[in-house]
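The sequence lines fix the lettering, A, B, ..., with proteins before strands; numbering per chain opens at 1. Model, not experiment: these values are computed from the prediction.
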Number of protein chains: 2
Amino acid sequence: MGRVTLKTIAEHVGVSRMTVSNAFSRPDQLSEDLRARILSAADELGYAGPDPAARALARGRTGVIGMVLTNSPRDAFTDDVAVGFVRAVAGSLADAGYSLVLLHSSGESGVVPARDIAMDGAIVYSCAPAMSAYTALRERRLPIVNVEGSPLPGVPDISIDNAAGAYQAARHLVELGHSRIAVVVDALDADNRPSSEISLETASTTIAARMDGWMRALDEAGIVPTLVGTPALDIDAVLRERVDRMLDDPPTAVLAFSDLAALEVMERARDRGIRVPEQLSVVGFDDNPLAARVSPPLTTVRQDIDAKGEAAVKALLALLREEDAESPPPLPTALVVRSSTAPPS
Amino acid sequence: MGRVTLKTIAEHVGVSRMTVSNAFSRPDQLSEDLRARILSAADELGYAGPDPAARALARGRTGVIGMVLTNSPRDAFTDDVAVGFVRAVAGSLADAGYSLVLLHSSGESGVVPARDIAMDGAIVYSCAPAMSAYTALRERRLPIVNVEGSPLPGVPDISIDNAAGAYQAARHLVELGHSRIAVVVDALDADNRPSSEISLETASTTIAARMDGWMRALDEAGIVPTLVGTPALDIDAVLRERVDRMLDDPPTAVLAFSDLAALEVMERARDRGIRVPEQLSVVGFDDNPLAARVSPPLTTVRQDIDAKGEAAVKALLALLREEDAESPPPLPTALVVRSSTAPPS
DNA sequence: CTGAAAGCGCTTACAG
DNA sequence: CTGAAAGCGCTTACAG
């Protein structure tokens with residue numbers, strides 16, 4: 001009998017299509033009684049409600065918000081901080097009646113979700129402006145909010161106060177009495193050189209801000225740290241090797257750009273019999289759920305990932321209401337001192 | 001100048017709308033040269049490509065697959081096993097050119113994503129058949145795959161071999177010499193009674209299968225366990241209280257329906273000075289990433305969550321191709337013996 | 001290789 | 001309170 005549409009029901013009940021449409025979408029436009037008759041006819045005919053795709057086209061809105069993550073969902077979902085962010089965003093969006101669609105980068109399938117998926121707006125998490133998914137979104141002129149990425153004109157930016165957090169972390173080490181300090185960052189091909197020889201031009205905004213904070217505190221104390229960097233977000237092979245090389249002539253303390261990197265440092269140190277914190281202090285960043293659980297528990301800089309997700313959604317909802325696209329002030333951070341830091345021996 | 005559509009470009013180039021459509025969607029239908037002219041005009045006019053909502057309506061497919069999780073995304077994303085599943089599904093879908101949309105249960109906003117979001121199919125993870133989102137999906141006659149849920153006619157079912165895994169877990173305790181054993185389950189209002197007094201009718205299929213496995217091994221050994229249950233997926237208050245009550249007269253071993261529940265038992269035991277595994281052996285289920293990290297590391301039943309996600313996507317893609325809706329055989333499980341189990345003292 | 005026709009299923013003003 | 005008209009932006013056969 002073909003597909004059941006508004007028309008099928010309209011004919012069945014003996015009214016026009018738009019009256020049936022009204023029964024579903026604008027209940028106040030018709031009598032209780034007629035509406036009940038229409039709804040029961042729909043039920044009888046197995047009609048589940050107006051087709052969402054048709055409705056999206058007619059209304060010009062889909063109820064869907066996209067999210068593009070740094071890497072593939074497979075990678076992103078391996079990082080508890082990213083997962084926490086997705087969780088917070090999905091929750092806040094749900095409260096506002098929106099659903100979240102995960103936009104992977106274009107793969108071999110030829111599909112580019114950022115270009116081909118119907119949505120009302122998107123949140124871009126920790127992406128370079130040149131990333132293809134991000135570009136596609138902008139070409140569509142979709143409302144976009146940028147999170148921990150490089151600021152772009154007209155795109156609201158959500159981020160924590162990376163510089164302040166990093167400053168506190170470095171300050172903590174200085175106050176403990178450390179002066180031989182290494183800084184471990186990503187997205188920077190530093191390769192174990194003194195910081196004075198390094199240019200930071202390639203770093204992401206987030207990393208650059210953290211560098212600013214660390215360096216300000218170290219500068220104030222007259223300390224020139226060693227920089228250990230990786231050319232990309234390659235937490236694995238390259239980072240491991242360079243951390244290992246750094247430990248050949250170990251500093252007394254390390255500032256890491258993330259808890260995951262800090263854990264890597266702690267593991268490498270353990271392998272070589274270097275004791276944390278007695279011989280090496282380590283400070284992370286993020287307060288990853290793991291940080292409190294490892295041994296020794298990691299000193300780190302906490303960020304409120306739920307607040308970040310809420311702020312991103314709030315900014316996007318404002319954009320959807322066509323309000324001004326203003327970036328809120330950076331979210332606060334807090335140093336959490338646990339047991340991975342101590343005075344140098 | 002209004003919105004740029006196929007028509008705008010067609011007029012600009014001097015061809016018909018469908019030729020422009022072909023330039024984007026069926027490149028083999030027109031000359032290289034004409035296509036290049038069209039594409040460059042599109043670029044010039046700031047046209048990002050055919051509108052996805054309109055395309056979805058015309059083509060009858062959206063490129064989006066929905067996922068409904070037991071609870072709100074906020075809750076689901078707190079459980080590493082659920083996160084692992086989402087990760088695996090999102091990854092497999094991306095490989096096939098589909099994007100994943102997270103379908104929350106209807107909230108106060110009046111929006112019911114399972115009913116109102118345009119999609120081509122959905123995966124239902126660990127949901128009761130009566131759950132409203134699940135019902136809405138079925139009313140729409142969307143292709144659906146059910147994961148760790150109660151089997152429904154015509155809906156392919158993906159699950160691990162819960163019974164076999166549970167059997168191995170219970171067998172392990174029996175072989176260690178335990179005979180005073182408690183079983184901790186959810187979705188069952190057991191309230192610390194001997195298993196012989198309990199009816200299992202309210203349990204989910206997953207729990208019921210695990211119960212079958214545990215009971216078979218215990219029956220074979222002539223053991224009647226104590227059942228500790230919670231009325232719902234309420235891992236918190238109720239479970240804590242009942243586990244506490246159980247520990248008033250502790251068994252020598254506990255079989256828990258999940259690693260999270262097992263950790264709860266271990267924590268309660270620690271609070272009361274009951275040593276694991278010396279005084280109490282604990283076996284979990286799932287091999288949650290946490291299981292290997294806690295102390296003592298937890299003996300548990302491992303399931304391959306990536307394989308489960310892949311299997312779910314594979315079954316759904318078959319459905320989308322209108323192939324037969326067959327449930328694959330249950331995925332294998334394996335007992336992982338760590339340090340939370342030992343012979344009774 | 002190109003285009004005229006019909007259609008996807010709904011909603012939005014607007015008139016009665 | 002109800003309905004006729006126009007439109008959302010695209011694609012799918014099909015004819016030339």
**Spacing of K308(A) atom NZ and Y125(A) atom OH [to the nearest 0.5 Å]** = 4.5 Å
**Asked** Say you draw a straight line from CD1 of I144(A) to CG of D157(A); how long is it, rounded to the nearest 0.5 Å?
**Response** 11.5 Å
**Request:** Measure the CD1-CG distance between I65(A) and L317(A) for me, rounded to the nearest 0.5 Å.
**Result:** 7.0 Å
**Asked** In terms of side-chain geometry, is the basic nitrogen of R87(A) or D306(A) positioned less than 4.0 Å from the acidic oxygen of its partner?
**Response** yes
**Message:** Need to verify one output field. Residue with the more 5' nearest nucleotide on DNA chain C, R17(B) or Y47(A)?
**Reply:** R17(B)
**Minimal non-hydrogen separation, P50(B) against R55(B), with atom names** = CG-NH2, 3.5 Å
**Request:** Hey, could you give me the CG/CG distance between L93(B) and L316(B), rounded to the nearest 0.5 Å?
**Result:** 7.0 Å
**Request:** Determine the minimum heavy-atom distance between S105(A) and M131(A), stating which atoms define it.
**Result:** OG-CE, 3.5 Å
**Asked** Only one of L34(B), V13(B), T5(B), L6(B) forms a side chain to side chain contact (heavy atoms under 4.5 Å, CB included) with V20(B), so which one is it?
**Response** L6(B)
**Prompt:** If pairs are Watson-Crick or G-U with both distances under 3.5 Å, what is the dot-bracket string of DNA chain C, marking crossing pairs with [ ] and pairs to another strand with |?
**Reply:** |||.||||||||.|||
**Message:** For a 4.0 angstrom threshold against heavy atoms of chain A, report the outermost contacting nucleotides of DNA chain C in 5' to 3' order.
**Reply:** dG9(C) to dT12(C)
**Prompt:** What is the ring orientation for F77(A) with F77(B), classed by angle as parallel under 30°, tilted 30 to 60°, or perpendicular over 60°?
**Reply:** perpendicular
**Asked** When you measure from every atom of DNA chain C, which of residues 50-63 of chain B have a heavy atom less than 4.0 Å away?
**Response** L57(B), A58(B)
**Fill in**
In terms of heavy-atom contacts, A311(A) and I158(A) come closest through O-CD1, 3.7 Å
